[in-house]
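Structure first, commentary second.
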Amino acid sequence: MKSSLAFVLCALCSAFMVGCASGGSKTSKLDAKSQYPALPDSAYISTRGESTPAAHQCPSSDKSWRKENLVNLTKIANDCVRLRQYERVEQIGNSIAQKHHLTPWGSYYLSLAAEGKGEYTRALWMIELSINKSPKMGMLYYQKARVLWQLGEYSRAVESFNYAIKENPKFLDPHLFLAELYFRDQSFDLAQKHFLAVMTINPNHVGAVAGLAETKLIMGNAAAAAELYEQAVNMSPRTLAYRFKLAEIYEISQKDYAQALSTYKRIKTILSEQRYPAGDVPVNVNEKINRLELIINKSKSTDKKISDSSDKSKKKVRK
Amino acid sequence: MSFRKLNIAIMTLTVASLLTPASYAKSKKSSTHGDSGLSSLKYKNNDETGNDKKALAAELLIAAQEQKAMDQIHLLIRKYKNTELEADLLMRLAELHMRRAKTERFLEGHRSEGLALGFSPKIVKNAASKKQVMAAIQLFDQIEKRFPRFDKIDTVVFNNAFANQQINNHKNAEKKFLKLINDFPNSILLPDAHLALGEIQFSNKQFKKALTHFTAIRKYPDSLVYPYGIYKAGWTHYNMRDADAGLKELEDVIRYGKFVKEQGIDARLDLRKEALIDMALFYEDVRSAKDAFKYFDSQSADLDVSPSILKLSSLYKRHSRHSDMRIVLTEYLKRMPTSNYIPVAYVELMEASEKLKKRRDVVTLLGNFNALCEPSSSWSKAQSKEPEQLKECQKLFNQMALGYANKWLKLWQADANQIELADSAEKAFSLYLKADATSEDSNKARFVYGELLFKREKYRDASEQYAITAKQTQDKKIGHDARYYAIISLEKAVKDKWSDKDENTFKYLANDYLTQTKDGRYKLDILFKVAFIAYEKGRYDEAAPTFYKLGSDYAKIEKGIKSQDLYLDILNIKKDYVSLRDYSNQLRKSVSGERAETLTKVYEESYFFIIQNLEAKGQYAEAIKEYQTFAKVNPTSKLTQKALWNSTQLHYKSGDLMAGAQSAVAYYEKYPNTKEGLDALMKAAQTYESLGQLSEAAQVLVTLAHVDKAQKTKWTTLAADFYALSNNFKKARPLYESVKGDASTPSGFRALEQLEYMARQDNKVKEREILLKEIIKTGRQPQASLASVYFVEQAYDNKEYEEAFNSAKKIISLENAGASKNALARARLTQARVLEREFRNQSVKSRLDKVQMVLTLKTEKLSKAQVAYQSAAKYGDPLVAVKAYSALADCYLHYNEALRSMPIPTGIPEEEAQAFRSEMDKLAIPMEEKGIETKLQAFSVAKELGVHDQIVLDLQEEMKKLNQQVVKEVGVVKLQPAHIVLPNLDGVGS
């Protein structure tokens, strides 16, 4: 009963006028009454693709860290989050909330801990509390969006992702999530917009380049897609999926068999250098190479131009 | 014995008698005598003790000689018995007896009745002397009787009369004197006898008779008693109330005296001095004062007129004739400026003036008198030969000045309105002290003078006089008091406006008192005052040590207590609250009652202020600690509550909100019935909430609900919400239960909803359903419709299709009554599913003649389901809409499949079967297209309405199966979960 949850939250909001910042006009209203200093948006660390730290990074004792300063506590709490030690995260969050109550970090970690324990309602309440303390901090809206998503409040989650971006336009993670979400939901214009935003923030984000390439391809711009995939291949030469997509685009969409052949040959080389499970290789590369060589040989005599073009493409790929 | 030998014996007796100071009627022979070894018995000046011893020695010597003489005479009498010599020897023996009686001799004048000079012998009262006199009388009588023709018989009669006179036998005496006058007219003792008889009559107040005898003496100008007779005649006139005649007699006495002096006759006959003195008595009666000096001056001639004038003055004084006294003395002072009697005259004149209450004149005279006694005065210079006079003058002046000063002071004290008295007393003291500046008497006088000045509010002068007294006196008590009064007077003079000069003087006096009077009674007062002046002039560092010491040394008496208070005040002024706190704390432990209360108040307030200062300086941690210590040490203080409150507020202020909240709760527990207690509790709840400490917040809110009855429901609900939020349903549930009572109220209904939520979370199906039914029962929308739809869907799941359909119908009927769009959509969706089921269950298997009817039925049911799904989708609930379109698409596809797989109806010839199948395919194609189209619509709606659910993925799969290219193969791009982001360490603050 989602409406029931919302009712709880709203009721709590009215109790002492804390928490419940959900953006828009409510945010500005709370700003006016807020007892907390307006903090600038914080730099953040995304856990996407991060390796898990060593277990000892999150202290087993519940006392050793208590006298640490905020920076050290944050470091410890971050490691505990990465290690999914949510009990410890909760303890540290409580400690920060009590000692550094003007910052949003105590309730932020409490939100992460509650989320980690599956207590989404509390996680939401806690992040609302953080937002109340720092209503201009994009990453707090991002966390709220994550909790709402897990509560099945998709519309409100998307709304909150957008608030996160509004407060911090250079915030990569909500852009990336929305890009993937819109791609999944076939809203390619929006997907393209957010992939581009990610690439603007981080030009080396290969996922965004590939995502945009895929979006372009679906939207019928094979040339742009090929170019983006070339870029993705260059950024991540060992990722065969991008090479396969590139080869497919050359072969099927652009009929550039020479380029396709060249790409498959390169794939073959990589495959020979590395061991890939058979299931991970979607195409019989040797067959593809044979078929393309046959096609190319047939047309060599008649269309020298195509051959020249094919050589050019090879050089480009090798480069 | 020969006559020659007798003469030798008589000579011996005569020598003995010569040792006596005088002789009476005796033979007129005289003899010179040498040292006779008695020079050692001569008196020496200023040797009183020695002189006494010498007198005693001389007396013993005389007594021994007399006894020897008498023994000799007795031997001679026996030898010359009945001879002519016997009478002479008897007379000599009688004379020795008289000598041994130690009686006076003739013509020793003395004042009788205090006035006239008398010449009668004094009455012998001593028994031994009387015995000797009587022995002499017996001898005289024997001579008279046995030797009537004795050639010295007149002397014997005279001496006999004289001896009788001495033993108070006046009759015999008078008889003998008269016998002498009558029987011996040629006796040289006649004038003496007249004088004796005159004296006897005078003493018997027979003045006329007396005058006769005194006047008779004028016939014997060569007699030794001649001036005495005139003198006594003068007195007799005076007593006969004829002072003028008396004056004339005395004037004769004076003239005779001048004559005697001029002639070098026996000085004893010069009675001028006595006469001049007595003339004053007579003069006072009959003459005026203004002529007195002139008169007496002329009478005195070469003699000093002063005694007469002073005598006259004393008479005026006796008769209260003070004005006359002033006249005569004033004239005297004027005319006799260098007389040694001048000091006395001043005394008398001042007294007369004083009697007339002319005190200004007295003061003036005192001034003149003082000047007179000055060594530089002309009078003093005139007394150069008699330096004692100067001392006497000064002494007399001192006595008078001091006497008047004291007298006037006393009178003024009796009547303070007599300002002149006070003024005069002041001047008298001043003059006296000028003259006698350093004696012990003057010290005492100065002390009294100081008192007078003090009483007259001339405090500064009083202080000076007291100070001088203190400096000079040897008297410890006066010294002590003078020192103290000097201080007090200065205080009075200053009237609390202390110039530096006055303060220095005060310090000097105080130091003098403290050093000169060890353990002085007023030591405390003086030390206190010195410090107090410094205190009042703002020199607190100077005053503080004294106040502290006095407060310690005299803690039980008023000044000591006052010192304590002032020390406290200084500490307060200096803002030395730590010392103020400690000192007041120290003091209060040794006192009780009101004092203890006051000190406790000071202690507590100073202690409190110390803490407030810490607070003001931003030393919050220290301030908090001290507030708590204060509360612990002073549990009954009125400030304890405030201390705890401030401590709580400081926790908040210092940013230690957790401690603040804990402190606030403790505050409430200590002061549960105060407004602040309630505020504290509320603040604690807010704080816990702001810190995300939901369980603690809930716990406080539960307490708050008990306290704040007016908002009990609000706080209970909030507490329950926080417990629920913390997944502590066990604690949340009874709280919600407690406010659920009346579900018709907003709070009750909300509690019901929360209970239902928790039951759902705990998967307590039965409990939840009961609660849902309660929600439905309230009829409160949209919650009631949402609760109802649960049962609709449950009925459908339980295959109670009719129940589900009808229940859904009821919900749908509430569309205009506020039912939830979600509930409406889901209810309609359920109805659609029921209808779909009926549609699917409609078989298309039939005989040939029933084919049309069967398909019609199937189509109708499709139509109903279609309408239901479409209306479900139109409620605007995205998920329901997507589900509705998807399901509707499935209906179309199902119909498509049903048509394509429809069995060949019985009755159709085999050759027409192909045609029938072909017709069914024709019917199926649009249905299949409709199905695919509707599936796409479902997917489109999902995108359009933002449904990011598994259903979207399911739709993609289904469309893939339908060979629809709406969904591309997108292996490269997958929706990843939104990953956690963590704060960068650089950006979290410090």
Side-chain angles (χ1 to χ4, degrees), chain A residues 1 3-5 7-8 11-12 15-16 18 39 42-48 69-71 74-75 78 81 94 97-98 100-103 105-108 110 112 119 121-122 125-126 129 139 142-143 145-146 149 154-155 158 173 177 180-181 183-187 210-211 214 218 241-242 245, chain B residues 655-659 685-687 689-694 714 717-718 721-722 724-727 750 753-754 756-757 760 782-783 786 820 822 878 939 942-943 945-949 952-953 956 966-968 970-990:
Chain A
M1 189 182 269
S3 60
S4 180
L5 168 68
F7 192 80
V8 169
L12 292 179
F16 293 126
V18 297
L39 290 178
S42 173
Y44 62 91
I45 305 161
S46 175
T47 58
R48 180 188 287 261
N69 61 29
L70 179 59
V71 172
T74 304
K75 181 181 183 307
N78 286 353
V81 170
N94 266 325
Q98 291 170 17
H100 307 282
H101 65 96
L102 294 177
T103 73
W105 307 122
S107 44
Y108 184 76
L110 288 172
L112 291 175
E119 296 171 17
T121 309
R122 186 160 69 92
W125 192 92
M126 290 297 176
L129 181 58
M139 64 183 291
Y142 175 77
Q143 168 63 7
R146 291 182 63 252
W149 187 267
Y154 305 118
S155 298
V158 170
D173 287 70
F177 182 84
E180 291 173 353
L181 177 65
F183 184 88
R184 187 201 72 176
D185 293 349
Q186 310 289 302
S187 299
E214 197 65 23
I218 291 168
Y242 302 149
K245 289 297 295 188
Chain B
D656 191 353
L657 299 194
M658 194 67 185
Q686 282 178 320
T687 304
E689 184 197 26
S690 73
L691 297 176
Q693 310 299 303
L694 300 181
K714 177 182 171 185
T717 303
L718 199 53
D721 287 346
F722 283 141
L725 210 51
S726 308
N727 276 346
R750 191 173 165 282
E753 281 188 289
Q754 292 302 106
E756 185 275 330
Y757 166 77
R760 175 155 43 99
Q783 292 87 346
L786 284 165
S820 160
N822 175 266
F939 188 73
K943 284 195 296 179
L945 298 180
V947 177
H948 307 284
D949 202 353
V952 177
L953 298 175
Q956 285 179 346
V966 290
V967 179
K968 311 290 185 197
V970 286
V972 173
V973 183
K974 287 184 181 175
L975 178 61
Q976 301 286 329
H979 285 71
I980 292 171
V981 293
L982 297 168
N984 192 311
L985 304 187
D986 294 337
V988 293
S990 57

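Note that these values count all heavy atoms, side chains included, but never hydrogens, waters or copies made by symmetry.
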Requested in this report: For the pair B:His979 (side chain) and A:Asp173 (backbone), establish whether a donor and an acceptor sit closer than 3.5 Å, ignoring hydrogens and angles.
Outcome: no
Query raised in the report: side chain to side chain contact (heavy atoms under 4.5 Å, CB included) with B:Pro983: which of A:Ile45, A:Val71, A:Asn78?
Result: A:Asn78
Requested in this report: Please report the C-alpha distance between B:Val973 and A:Arg184 in whole Å, then the side-chain angles of each, then the deciding distance to 0.1 Å, and finally whether the side chain to side chain contact (heavy atoms under 4.5 Å, CB included) criterion is met.
Outcome: CA-CA 8 Å; B:Val973 183; A:Arg184 187 201 72 176; over 6 Å; no
Query raised in the report: Relative to chain A, which segment of B:Pro977 carries a heavy atom at a distance below 4.5 Å: side chain, backbone, both, or neither?
Result: backbone
Query raised in the report: Which distance, rounded to the nearest 0.5 Å, do you find between the CG of B:Asn984 and the OG of A:Ser46?
Result: 12.0 Å
Report summary line: For A:Gln98, the side-chain hydrogen bond (donor to acceptor under 3.5 Å, both in side chains) test, sequence neighbours excluded, returns B:Gln693
**Report entry** Heavy-atom pair with the smallest gap, counting every atom of B:Gln976 and A:Glu180
**Finding:** N-OE1, 2.9 Å
Query raised in the report: Is the closest side-chain heavy-atom distance between B:Phe939 and A:Gln186 below 4.5 Å?
Result: yes
Query raised in the report: Can you list the residues that meet the side-chain contact (heavy atoms from CB on, under 4.5 Å) rule with B:Asp656, with sequence neighbours excluded?
Result: B:His651, B:Ser654, B:Met658, B:Ala659
Report summary line: Between the CG atom in B:Leu657 and the NE2 atom in A:His101, the distance rounded to the nearest 0.5 Å is 3.5 Å
Query raised in the report: Which value, rounded to the nearest 0.5 Å, describes the distance between B:Leu975 atom CG and A:Asp185 atom CG?
Result: 8.0 Å
**Report entry** Check against side chain to side chain contact (heavy atoms under 4.5 Å, CB included), B:Val981 and A:Thr47
**Finding:** CA-CA 6 Å; B:Val981 293; A:Thr47 58; over 6 Å; no
Report summary line: Among A:Tyr242, A:Phe177, A:Tyr108, the residue with the most heavy-atom pairs under 4.5 Å to chain B is A:Phe177
Query raised in the report: Which pair of non-hydrogen atoms, one from B:Leu982 and one from A:Met139, has the smallest distance, and what is that distance?
Result: C-CE, 3.7 Å
**Report entry** Considering all heavy atoms, the nearest A:Trp125-B:Glu689 contact
**Finding:** CH2-O, 3.3 Å
Requested in this report: Provide the closest heavy-atom pair for B:Leu725 versus A:Thr121 in the form atom of the first, atom of the second, distance.
Outcome: CD1-CG2, 3.4 Å
Query raised in the report: Do A:Arg122 and B:Asn727 come within less than 4.5 Å of each other through their side chains, counting heavy atoms only?
Result: no
